[in-house]
**Q** 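Following this message is one structure expressed as structure tokens.
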Amino acid sequence: MKDISCKLLVIGAGPGGYVAAIRAGQLGVDTVIVDFQKPGGTCLNVGCIPSKALIHAAEEYEKVVHMAQAGHPLGVSVASPALDLAKTIAWKDGIVGRLNSGVAGLLKKAGVKIVVGRAAFRNGKTVAVETETGEQIIRAENVVIATGSAPVELPFLPFGGAVLSSTQALALKAVPETLAVVGGGYIGLELGTAFAKMGAKVTVVEATSRVLPLYDPELVRPVLKRLGELGVTVMTDAKAKGLHGSGDALLVETAAGESVRVPAEKVLVTVGRRPVTDGWGREELALDMDGAFVRIDAQCRTSMRGIYAIGDVTGEPMLAHRAMAQGEMVAEIIAGHKRAWDKACIPAVCFTDPEIVSVGLSPDEAKKGGREIVTGQFPFAANGRAMTRMAEDGFVRVVARADNHLVLGIQAVGAGVSELSTAFGLAIEMGARLEDIAGVIHAHPTMGEGFQEAALRTLGHALHI
Ligand code: FAD
Ligand code: NAD
């Protein structure tokens with residue numbers, strides 16, 4: 001096979017890698033991208049997109065089940081709802097397939113060459129790719145490492161059989177009667193809620209004292225309430241110990257030190273993800289590490305000249321939109337533009353029921369360092385649109401500097417608030433003050449009015465509460 005020479009080689013076609021390659025191609029950089037899987041990475045194939053498809057299907061099903069119960073307040077009645085999970089999964093796979101083709105098409109349109117196979121560095125400028133037809137050598141002036149992350153496996157609950165990773169949970173063809181979820185973080189609660197809505201009896205086993213430790217307890221409270229309504233048992237300060245010999249239960253040590261059997265036809269292990277730092281010839285390089293992650297600077301440069309790293313392999317937060325923003329920036333740097341990481345915030349969204357959004361600093365984070373702050377909160381119970389959607393649980397909260405009202409953080413919990421993350425991010429990135437948000441006409445009736453009202457309330461003159 002003839003060697004390839006290029007200006008840029010991207011290893012990994014996840015959201016970080018494919019965005020880097022598309023942008024580089026647009027800028028006329030001679031670019032090659034390598035992946036042994038379909039383009040889109042974890043996010044598109046087994047992460048963000050498939051999980052949100054399943055969450056949506058579960059939400060629709062649960063609504064119909066609820067309507068089938070006598071006396072639904074909307075006056076809608078439904079007979080005998082049923083869910084065919086195999087069909088749901090086929091629908092989800094269809095979306096993933098369309099997006100795989102879409103990403104491949106975008107790469108081609110940008111003039112990027114796609115090589116299918118597993119890449120490994122031979123040295124800082126040469127990479128060997130194991131393809132179906134043999135070894136392909138690629139020499140590149142610049143290489144971007146975008147190899148992503150993989151689920152953490154617990155030694156006493158190895159993946160396989162009844163023990164599922166998120167990837168396997170997203171491919172189930174039937175809803176398990178009982179599901180134990182080990183790890184009450186993002187994936188555990190997003191997928192745990194979806195399976196509870198589809199009819200599984202779900203137990204969440206979390207090692208620390210609370211679920212979703214990334215978000216403050218006030219934001220998580222409505223989620224816990226809803227989990228209770230869905231019949232989900234949440235065990236905190238609890239340690240999973242392994243499968244019970246019978247194969248249909250998980251052994252758990254409770255906070256009180258008791259050993260209990262949690263019924264579990266399936267066990268979903270979601271205790272975090274680890275960067276993929278092996279399998280691509282790291283041993284041939286001299287890269288500085290930052291714990292388990294590849295160390296990068298504000299331009300995503302590693303400790304080796306001409307080698308960049310982006311996305312999950314470089315650290316927290318392991319989110320697709322961070323990877324994409326890094327990818328875009330690195331492509332522009334390689335094309336000769338002056339760029340450095342200058343983002344004011346990286347939005348975090350948890351697609352639970354209700355959803356949680358956090359952009360910028362929480363009140364506690366903002367108070368650190370002795371900064372004086374003001375905060376204001378507006379409940380959706382006082383929002384007309386929320387009432388018409390039967391979605392009154394939750395609120396929007398604004399955190400600002402006390403002296404000049406610069407907005408430092410915005411959080412929300414409520415139905416569909418993921419879509420508000422755009423307005424929140426824009427406000428912080430543009431350096432908005434409370435008066436700016438209060439002065440924008442927010443369309444009525446929308447949940448977004450809660451944002452304006454939270455700013456008004458922080459200023460001491462909310463109108464609708
Ligand atoms: P990845 O998407 O992991 O892509 C890395 C790619 O590199 C893979 O395609 C892999 O095959 C390839 N690769 C690895 N080694 C090699 C090699 N040697 N040669 C060639 N190719 C290689 N994030 C969000 O922001 N929002 C969400 O809603 C969300 N939901 C998620 C739900 C689930 C269930 C999971 C698991 C994750 C979710 N994430 C979400 C996280 C998100 O998927 C990641 O942050 C994102 O995919 C990281 O992008 P990346 O480009 O760094 O790596
Ligand atoms: P996570 O870090 O969100 O949560 C892991 C949870 O498991 C934590 O609460 C932790 O305390 C707990 N834990 C750790 N070890 C444990 C043990 N032995 N027993 C019981 N509990 C244990 O990790 P995740 O849910 O696996 O998700 C991985 C990453 O994927 C996230 O951190 C996030 O970056 C990304 N993700 C993002 C989204 C989103 O943006 N909506 C959705 C899914 C995943």
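Numbers here simply count residues along the sequence, with the first being 1. Both ligands and their constituent atoms are indexed starting at 1 by order of listing.
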**Q** Residues two or more places apart in sequence or in another chain: which of them pass salt bridge (charged side-chain N to carboxylate O under 4.0 Å, His left out) with K52?
**A** E190

**Q** Students should be able to answer this: which protein heavy-atom is nearest to atom 45 (O) of ligand 1, and at what distance?
**A** D312 OD1, 2.9 Å

**Q** Looking at I187, which atoms of ligand 1 are within less than 4.0 Å of one of its heavy atoms?
**A** 33 (C), 34 (C), 35 (C), 36 (C)

**Q** Between V232 and T193, is any pair of side-chain heavy atoms under 4.5 Å apart?
**A** no

**Q** How does S51 reach ligand 1, if at all, at less than 4.0 Å between non-hydrogen atoms: by side chain, backbone, both, or neither?
**A** side chain

**Q** Work out which heavy atom in R139 is nearest to a heavy atom in D3; give both atom names and the distance.
**A** NH2-OD2, 2.6 Å

**Q** What atoms in ligand 1 come closer than 4.0 Å to a heavy atom of W280?
**A** 18 (N)

**Q** For atom 19 (N) of ligand 1, grab the closest protein heavy atom and report residue, atom and distance to one decimal in Å.
**A** A119 N, 2.9 Å

**Q** Among R23, Q299, Q26, find the residue that satisfies the side chain to side chain donor-acceptor pair (under 3.5 Å) test when tested with E332.
**A** R23

**Q** Have a look at M318, E190, Q37, E130 and point out the one with the heavy atom closest to atom 41 (C) of ligand 1.
**A** M318

**Q** Of all residues at least two apart in sequence or in a different chain, which pass the disulfide (SG to SG under 2.5 Å) check with C43?
**A** C48

**Q** Starting from atom 49 (O) of ligand 1, locate the nearest protein heavy atom and write down its residue, its atom name and how far away it is, to 0.1 Å.
**A** P15 CD, 3.4 Å

**Q** Taking non-hydrogen atoms only, is Y186 closer than 4.0 angstrom to ligand 1 via side chain, backbone, both or neither?
**A** neither

**Q** What distance separates L85 CG from F195 CZ, expressed to the nearest 0.5 Å?
**A** 6.0 Å

**Q** Can you pull every nitrogen or oxygen pair between ligand 2 and the protein closer than 3.5 angstrom?
**A**
| unit_1 | atom_1 | unit_2 | atom_2 | d |
| --- | --- | --- | --- | --- |
| ligand 2 | 3 (O) | Y186 | N | 3.0 |
| ligand 2 | 9 (O) | E206 | OE1 | 2.7 |
| ligand 2 | 9 (O) | E206 | OE2 | 3.3 |
| ligand 2 | 11 (O) | E206 | OE2 | 2.6 |
| ligand 2 | 21 (N) | A207 | N | 3.2 |
| ligand 2 | 23 (O) | G272 | N | 3.4 |
| ligand 2 | 25 (O) | Y186 | N | 3.3 |
| ligand 2 | 25 (O) | I187 | N | 2.8 |
| ligand 2 | 26 (O) | G272 | N | 2.9 |
| ligand 2 | 34 (O) | M318 | O | 2.7 |
| ligand 2 | 40 (O) | V349 | O | 3.4 |
| ligand 2 | 41 (N) | E190 | OE2 | 2.8 |
| ligand 2 | 41 (N) | V349 | O | 2.8 |

**Q** Does only the side chain of S149 get under 4.0 Å from ligand 1, or the backbone, or both, or neither? Count heavy atoms.
**A** backbone

**Q** Between Y186 and Y215, what is the ring plane arrangement, given parallel below 30°, perpendicular above 60°, and tilted in between?
**A** perpendicular

**Q** Looking just at side-chain N and O atoms, do D248 and S246 make a donor-acceptor pair shorter than 3.5 Å?
**A** yes

**Q** Would you say ligand 1 has an N or O under 3.5 Å from any N or O of T42?
**A** yes

**Q** Indicate yes or no: at least one non-hydrogen side-chain atom of V357 is less than 4.5 angstrom from one of L420.
**A** no

**Q** Would you mind checking which non-hydrogen protein atom is closest to atom 25 (O) of ligand 1, with the distance to 0.1 Å?
**A** A320 N, 2.9 Å

**Q** Where do Q136 and T131 land on the side-chain hydrogen bond (donor to acceptor under 3.5 Å, both in side chains) test, with the steps shown first?
**A** CA-CA 7 Å; Q136 172 70 66; T131 75; over 6 Å; no

**Q** Quick one: which ligand 1 atoms are inside 4.0 Å of a heavy atom on G279?
**A** 18 (N)

**Q** How far is atom 33 (C) of ligand 1 from its nearest protein heavy atom, and which residue and atom name does that atom have?
**A** G47 CA, 3.3 Å

**Q** Does a side-chain heavy-atom distance below 4.5 Å link E62 with L230?
**A** yes

**Q** Evaluate side-chain hydrogen bond (donor to acceptor under 3.5 Å, both in side chains) for R226 paired with T352, printing each intermediate quantity in order.
**A** CA-CA 9 Å; R226 183 74 176 120; T352 37; over 6 Å; no

**Q** For residues R322 and Q326, determine if any side-chain heavy atom of one lies less than 4.5 Å from a side-chain heavy atom of the other.
**A** yes

**Q** Below 4.0 angstrom from a heavy atom of G16, which ligand 1 atoms are there? Numbered from 1 as shown, please.
**A** 51 (O)

**Q** When rounded to the nearest 0.5 angstrom, what is the spacing between CZ in R295 and CG in D290?
**A** 4.5 Å

**Q** So is R322 close enough to ligand 1, meaning a heavy atom under 4.0 angstrom away?
**A** no

**Q** Short N/O distance, under 3.5 Å, between R118 and ligand 1?
**A** no

**Q** Any N/O of R273 closer than 3.5 Å to an N/O of ligand 1?
**A** no

**Q** Which ligand 1 atoms, with their elements, are less than 4.0 angstrom from a heavy-atom of C43?
**A** 2 (O), 43 (O), 47 (O)

**Q** Once you round to the nearest 0.5 Å, how far does OG1 of T42 lie from CZ of R273?
**A** 4.5 Å

**Q** Could you check whether any side-chain heavy atom of K343 comes within less than 4.5 Å of a side-chain heavy atom of E429, counting everything from C-beta outward?
**A** yes

**Q** With salt bridge (Lys or Arg N to Asp or Glu O under 4.0 Å) as the test, pick out the partner of D216 among R397, R210, K367.
**A** R397

**Q** Within less than 4.0 angstrom of ligand 1, does G117 place any heavy atom?
**A** yes

**Q** Just verifying a value: how many Å separate L9 CG and F121 CZ, rounded to the nearest 0.5 Å?
**A** 7.0 Å

**Q** Among all the protein's non-hydrogen atoms, which is closest to atom 28 (O) of ligand 1, and how far away is it?
**A** K52 NZ, 2.7 Å

**Q** So, 4.0 Å and heavy atoms of V46: is ligand 1 close enough to count as a contact?
**A** yes

**Q** Can you name the side-chain hydrogen bond (donor to acceptor under 3.5 Å, both in side chains) partners of N123, sequence neighbours left out?
**A** T126

**Q** At what distance is the nearest protein heavy atom to atom 16 (C) of ligand 1, and which residue and atom is it?
**A** F36 CE2, 3.6 Å

**Q** Which ligand 1 atoms, with their elements, are less than 4.0 angstrom from a heavy-atom of A146?
**A** 5 (C), 6 (C), 7 (O)

**Q** Distance under 4.0 Å to a non-hydrogen atom of G311: what atoms of ligand 1 satisfy this?
**A** 52 (O)

**Q** Do me a favour and list the nearest non-hydrogen protein atom to atom 39 (N) of ligand 1 with residue, atom name and distance?
**A** C48 SG, 3.8 Å

**Q** Provide the number and element of each atom of ligand 1 under 4.0 Å from a heavy atom of V34.
**A** 20 (C), 21 (N)

